[in-house]
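Next up is a structure, given as structure tokens.
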Amino acid sequence: MTQIVEVPLAGREYQVRIGQGLLARAGAEIAPLLHRPRVAIVSDENVAAKHLDTLTTALAAEGIASVALTLPAGESTKSWPHFTRTVEWLLENKIERRDVVIALGGGVIGDLVGFAAAVLRRGVRFVQIPTSLLAQVDSSVGGKTGINAPQGKNLIGAFHQPALVLADIDMLATLTPRDFLAGYGEVVKYGLLGDAAFFDWLEENGPKAAAGDAEARTYAVKRSVEMKAEIVLRDETEQGDRALLNLGHTFCHALEAATGYSDRLLHGEGVAIGCALAFELSARLGLCAQEDPSRLREHLATMGMKRDLRDIPGDLPSAEVLLDLMGQDKKVIDGQLRFILARGIGDSFVTSEVPRDKVLSLLQEQRAAC
Ligand code: GLY
């Protein structure tokens, strides 16, 4: 059965529909949004090969004509050249102000197409059909859209909420185990940041979800999206609480920069390691019990996930360089590093008051163990 999470932002409310078979029913799901039976779809080469036919057939079954643009797969697509190409293609295809654009893909496509929709004719509606677990539980919900700049990731963009999100659990079956587990890093994050009972549930059911159990996958996505929606409602433009969603990300961004945003470390893998480090740091600062980081690391180990710097293949820079990279995180305010720390599992908070030497010694120990 399809689960629905409402995102009731005033004047821009939308639903996240989660369940099986949604892609094959996409025409019926999307039809009520349309003023005329015609949509534009943007996807990437990998996703289009697997899912585009199903989507266009589902649309055609409801009498909806579609045009499709297929971009190269990968992070480098989130750039000005592909953004320009997308916007111009939408204009060439006469997408009007009242039309709908569909983003069929993972986080890269969702972010780029959302940004294109935000600026096209000063804003057209778009539907997210996220195909990765990471996109289903994080990037497709909440309206952060954008592209990367040579100066850093996600530095150009806009808040533009989707009109609908269709998270089809069946599409997760086409992911590699590594990609699934990388997305699972973001799922664990939700339990850690605000729902201890969800973390308990993940300890029990995470392995089932990884093995393909549709019910467990549906619940994991639904609870994650509910939590994200609650936070976005409180703080859409990240003036405060939304920063909680960055638990593990200050460490993660430094590790991604240190590994050149390459296949050595996927974003969600960095988030899992970053969460483990954030909890270790919290325990060392006397904020949470030492059992909390141990429990988290044990769960990541059970899931077969990376949890320490030594799990990242290849050489890493020194602890000092990693700390400097953390200082380049875009969440730095007035030169102060902001961390999400925890008083316990399910109880995180944002702080700028973290002694530099404590972070450095943690990184030094982790580096020494590599
Ligand atoms: N991915 C973090 C956020 O949406 O705020």
Side-chain angles (χ1 to χ4, degrees), residues 5-9 12 14 16 18 75 78 103 105-115 117-118 126 128 130-148 152-162 165 167 179 182-195 198 220-257 261 265-275 278 326 329-333 338-342 348-350:
V5 179
E6 306 278 350
V7 187
L9 285 162
R12 289 160 303 137
Y14 59 96
V16 183
I18 303 151
E75 188 72 28
K78 253 175 81 167
V108 167
I109 289 295
D111 285 5
L112 176 129
V113 176
F115 185 35
F126 78 115
Q128 290 267 25
T131 54
S132 68
L133 179 58
L134 192 131
Q136 292 194 351
V137 298
D138 184 26
S139 56
S140 67
V141 182
K144 277 191 184 174
T145 72
I147 56 174
N148 301 327
K153 280 182 79 175
N154 295 324
L155 293 181
I156 304 156
F159 286 99
H160 186 52
Q161 300 290 340
V165 182
D179 281 331
Y184 188 83
E186 296 277 3
V187 174
V188 172
K189 178 193 81 176
Y190 288 106
L192 297 172
L193 74 86
D195 187 351
F198 184 43
V221 173
K222 176 177 174 252
R223 185 64 197 126
S224 301
V225 169
E226 276 172 354
M227 293 190 66
K228 177 142 192 187
E230 280 165 26
I231 292 174
V232 168
L233 275 183
R234 289 206 298 272
D235 178 22
E236 185 182 1
T237 56
E238 200 167 313
Q239 307 303 312
D241 266 10
R242 188 163 178 162
L244 289 173
L245 295 170
N246 297 319
L247 175 61
H249 283 62
T250 307
F251 287 108
C252 169
H253 289 152
L255 296 172
E256 284 184 294
Y261 301 97
L265 184 72
L266 303 179
H267 175 71
E269 294 174 332
V271 171
I273 296 174
C275 287
M326 291 171 83
D329 192 284
K330 69 175 178 302
K331 306 285 187 309
V332 169
I333 295 181
R338 267 197 311 168
F339 280 89
I340 318 303
L341 296 181
S348 295
F349 64 99
V350 187

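Quick caveat, the model's predicted, so the values are computed rather than measured. As the structure lists them, so they are numbered: ligands from 1, and atoms in each ligand from 1.
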Who are the side chain to side chain contact (heavy atoms under 4.5 Å, CB included) partners of Ile156, not counting sequence neighbours?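 For Ile156 the side chain to side chain contact (heavy atoms under 4.5 Å, CB included) partners, ignoring immediate neighbours, are Trp80, Phe115, Ile147, Ala149.
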Is the shortest distance from a Lys or Arg side-chain nitrogen in Lys228 or Glu186 to a carboxylate oxygen in the other one below 4.0 Å?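 The answer is no: the pair does not qualify as a salt bridge.
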Output the set of protein residues with a heavy-atom contact under 4.0 Å to ligand 1, ordered first by chain identifier and then by residue number. Asp138, Lys144, Lys228, Glu238, Arg242, Leu245
If I take atom CG from residue Leu247 and atom SG from residue Cys252, how far apart are they, to the nearest 0.5 angstrom? 11.0 Å
Under 3.5 Å donor-acceptor, Glu256 side chain and Leu266 backbone: no
Tell me every residue that passes side chain to side chain donor-acceptor pair (under 3.5 Å) with Asp241, counting only those two or more places apart in sequence or in another chain. Arg234
Hits for side chain to side chain contact (heavy atoms under 4.5 Å, CB included) against Asn148, two or more places apart or cross-chain, chain-then-number order -> Glu75, Lys78, Lys153, Asn154
